[in-house]
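First comes the structure, then the notes that go with it.
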Amino acid sequence: MPAPRPRPRATRNRPPAPHRRRRLTDAWPVAIHLPALPDAVTHADALRAELSRAARTLGAPDDVSPILERPRDPSFGDWATNLAMTLAKPLGQKPRDIATALIAAMDTASVGVTAAEIAGPGFLNFRLDPGFQARGLLTILESPDTFGRLDIGHGARVVVEFVSANPTGPLHVGHGRQAALGDAISTLLEYTGWNVDREFYYNDAGAQIANLAKSTQAQVRAIGGAPLEIPEGGYHGDYIREIAERYVAEHPDDAAGDNLSAMQAYAVAALRHEQDLDMQAFGVKFDTYYLESSLYTDGLVNKTVEGLQASGHTYEEDGALFLRTTDFGDDKDRVMKKSAAKGGDYTYFVPDVAYHVTKWERGYHRAINVQGADHHSTITRVRAGLQALDIGIPTGYPDYVLHQMVTVMKGGEEVKISKRAGSYVTVRDLIDEVGRDAVRYFYLMRKGDSQLVFDVDLARSQSEENPVYYVQMAHARMCGIFRVGEIDATTVTGQGVDLGVLSEPAEQELVKQLLDFPATVKGAADNLEPHRIAAWLLETARAGHTWYHKHHVLGEPEAITRARLVLARATQLGIAAGLRILGLSAPERM
RNA sequence: GCGCCUAUAGCUCAAUUGGAUAGAGCAUCUGACUACGGAUCAGAAGGUUGGAGGUUCGAGUCCUUCUAGGCGCGCCA
């Protein structure tokens, strides 16, 4: 991290703060009592329900579910719906006539609507009472840990598999994107009621591992004085040399490098450890590690092959065993077992099918795989294998979240990502250079299906102009209010506070923005798109900074200070919640 | 040749899943510090949403086609 930019020192001197913190309830008497929202639903839910009720009285179907939207132009009101337009056909009436009838049929006052207008082809625009709307903030203060949480998953188990790198080298920036995405998606699902396990699948069997062993052997023998001869398809990175040196030091009995299986085990263990450290530095924690090799030792690969053969979707040709994946939408059939001339091994997708059978049988009726787009051709194969087995696995199983490739620019040039060449930027490099929070945010502020150019120099130089600092600063500022005011923020409850005084435009905008959080979480979780949270954070931070700059909290008339403390607390908690979903820290001061 | 992804402001990206005048950040320009942190704020400028058709009350979003880029298409993993 570069040294912080020098900035002017504050000239004000402040007497040392006493450490006593005042409880708000001690300071001010409770004067006003407002009823809480019914059953903790948001004002939008209440408005939607009232709209539905009114629509049914006009003859709309029972399952009518109006869509409420925030108008792009705030002058149109707080909420808008196109319900009248969607009802035009089923009811056989003009949209604007339906809109008029809807307004007449609604009990607007009960849902805090102060004005309802018809606009354009038949939009209905609603304006809400500021105090009614602001009361939604109380749900944040009352249960900050559940704000934005929904129960969509009903506790069902879901496994999110990501990173899943071969233990043949350190983790590169593409794995970093997976780690950030997979972890954030997992947290999003937890927020929406799923019982999530994060899983890392180790391809610790097969040709790549054999190459790793031989590469290590070559380096071990080179240490003993032999000429260095890295085998065809082997690994050239310096890290192999380091592993070989440690192996020699710890295995004096095998200085000649004859024990290939010992070297393989040693190298795999060393690289797995290395990857664990990388993920630890990134703040990602996996619940389970699944080893490909165990699929063989437990007989699951053979069992899967037998199942596929029994299904009648296999055939032999040219001495190899094929799976008729074209029965399931593939454009050509795929080899399961190589011919004897090619070694007679299973191709890699066979253990992959076996692995996904275990996901299903381990009780995960939903599975999400986060992978690079270069793996997309395997989707059809794995799903075809699961369908061919005909053991009750649904056709869309598992879900895939594919992210496009990450290219790395450094010094104005693209850095080649190649394990074999040993020249690439690792996740650890990025974390060391720009910090964990900034790396995560950079990965997550973009949609996964667009390509990502990670310019290392730019990321480093931007580290102070970075959006993540902007967001975290907004959080720290809210914390600063309570710090300076010597108020214990956790005692701010909003009980008896008249939130109707939050009538400034900047305040209403901030309130609306905060209350959009649950809908944003739902949208992000439904679509497995964490970048929506990043965008929400940026907008919330902007609204927070604007409000902070325009209006003061401390030192205002009591009623205003009390209401604004509620807003400051809600902003602090809301931003912290968003940051937490993305795996970023929410510093109280920066 | 086939399949998947992408194309939006100078740059990096959004756009509530088909809604109203397409929005942010960075960069540029002009302003604002003796109040809770200026790592901030206010404002300006920046667009034929790659091109052309189509679907409808309404398209950046859906369909067709063309162009450009990325990734795949192996008895590699």
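Chain identifiers are assigned alphabetically (A, B, ...) following the order of the sequence lines, protein sequences preceding nucleic acid strands; residue numbering begins at 1 within each chain. These numbers were taken from a predicted model, which means no experiment stands behind them.
- In this structure, the nucleotide among B:C75, B:G70, B:A42 sitting nearest to the side chain of A:Q451 is B:G70.
- Of all nucleotides present, only B:G43 satisfies the Watson-Crick or G-U wobble test against B:C29, with each distance under 3.5 Å.
- Here B:A77 is the nucleotide among B:C36, B:A77, B:C5 with the atom lying nearest to any side-chain atom of A:R381.
- Among the atoms of the strands shown, none is found under 4.0 Å from any heavy atom of A:A88.
- At a threshold of 4.0 angstrom between heavy atoms, the contacts of A:A519 with the nucleic acid are absent.
- Using a 4.0 Å heavy-atom distance criterion, A:L538 is classed as a sugar-phosphate-only contact.
- An OP1 or OP2 oxygen of B:C76 is reached within less than 4.0 angstrom by a side-chain nitrogen or oxygen of A:K338.
- When side chains are defined from C-beta on, A:F328 does not count as touching A:L323, because their heavy atoms never get closer than 4.5 Å.
- A distance-only check finds a donor-acceptor pair linking the side chain of A:D488 to the backbone of A:T490 [under 3.5 Å].
- Nucleotides B:G18 and B:U12 have their P atoms positioned 27 Å apart, rounded to a whole Å.
- Classified by interplanar angle (parallel below 30°, tilted 30° to 60°, perpendicular above 60°), the ring pair A:Y202/A:Y289 is parallel.
- The side chain of A:M405 lies closest to B:G70 when the candidates are B:G70, B:U16, B:C41.
- Between the side chain of A:D78 and the backbone N or O of A:L128 there is at least one donor-acceptor pair closer than 3.5 Å.
- As rounded to the nearest Å, B:C33 and B:G50 have C1' atoms that lie 46 Å from one another.
- At a cut-off of 3.5 Å, with distance as the only test, a side-chain donor of A:N369 or A:H356 sits close to an acceptor on the other residue.
- Residue-level contact check: A:M445 touches the backbone only, with heavy atoms under 4.0 Å from sugar-phosphate atoms and none from bases.
- For A:R589 and A:R532, each mapped to the nucleotide of RNA chain B holding its nearest heavy atom, the one lying further toward the 5' end belongs to A:R532.
- When both distances must be under 3.5 Å, the Watson-Crick or G-U wobble mate of B:U12 is B:A24.
- Considering only side-chain N and O atoms, A:K332 lies under 4.0 angstrom from the phosphate OP1 or OP2 of B:G74.
- A:M336 has its CE atom 17 Å from the C1' atom of B:C76, to the nearest Å.
- The base of B:A20 is not paired with the side chain of A:N82 by any donor and acceptor separated by under 3.5 Å.
- Nearest nucleotide to the side chain of A:M473, out of B:A77, B:C36, B:G37: B:G37.
- The side chain of A:E69 has B:U16 as its nearest neighbour among B:G70, B:A77, B:U16.
- Under the Watson-Crick and G-U wobble criteria, each requiring two contacts below 3.5 Å, nucleotide B:A7 is paired to B:U67.
- As the counterpart of B:C36, no nucleotide is assigned, since no Watson-Crick or G-U wobble pattern has both distances under 3.5 Å.
- Looking at heavy-atom distances under 4.0 Å, A:K447 makes contact with sugar-phosphate atoms alone, never a base.
- Between B:A42 and A:T546, a contact under 4.0 Å exists linking OP1 or OP2 to a side-chain N or O.
- The A:Y470 side chain lies nearest to B:C41 when the options are B:G37, B:C73, B:C41.
- With RNA chain B read from its 5' end, the first of the two nearest nucleotides for A:K550 and A:S377 is the one closest to A:K550.
- When ring centroids are compared, A:H175 and A:F162 stay outside the 6.0 Å threshold.
- Residue A:H551 is in base contact, counting any heavy-atom pair closer than 4.0 Å across all strands shown.
- Distance from the side chain of A:R477 is smallest to B:G38 among B:G70, B:G38, B:C75.
- Under the Watson-Crick or G-U wobble criterion, with both distances below 3.5 Å, B:C75 is left unpaired in every strand shown.
- Atom CG in A:D374 sits about 15 Å away from atom P in B:G70, given to the nearest Å.
- Aromatic stacking is not marked for A:H531 over B:A14, as the cut-offs of 5.5 Å for the centres and 30° for the planes do not both hold.
- The main-chain N or O of A:Y290 is never found under 3.5 Å from a side-chain atom of A:S294 such that the two would form a donor-acceptor pair.
- Between B:C71, B:G37, B:G69, one nucleotide has an atom nearer to the side chain of A:Y548 than all others, and that is B:G37.
- In this structure, A:Y201 places its OH atom 11 Å from P of B:A77, rounding to the nearest Å.
- Using a 4.0 Å heavy-atom cutoff across all strands shown, A:G480 reaches sugar-phosphate atoms only and no base atom.
- Within the 4.0 angstrom heavy-atom criterion, no nucleotide atom of any strand lies near A:D330.
- Of the listed nucleotides (B:A24, B:C75, B:G70), B:C75 has the atom at the smallest distance from the side chain of A:S339.
- When heavy atoms are screened at a 4.0 angstrom cut-off, A:H545 is found touching the sugar-phosphate backbone but no base atom.
- Using a 4.0 Å heavy-atom distance criterion, A:A119 is classed as a base contact.
- Heavy atoms of A:E529 sit nowhere under 4.0 angstrom from any nucleic acid atom.
- No engagement by A:L68 is indicated, since no non-hydrogen atom pair under 4.0 Å with the nucleic acid exists.
- A salt bridge is absent between A:E316 and A:K337; no separation between the charged side-chain nitrogens and carboxylate oxygens falls under 4.0 Å.
- For A:H376 against B:G3, a side-chain N or O and a base N or O form a donor-acceptor pair under 3.5 Å.
- Side chain of A:M590, nearest nucleotide from B:C71, B:C75, B:G37: B:G37.
- Looking at heavy-atom distances under 4.0 Å, A:D345 makes no contact with the nucleic acid at all.
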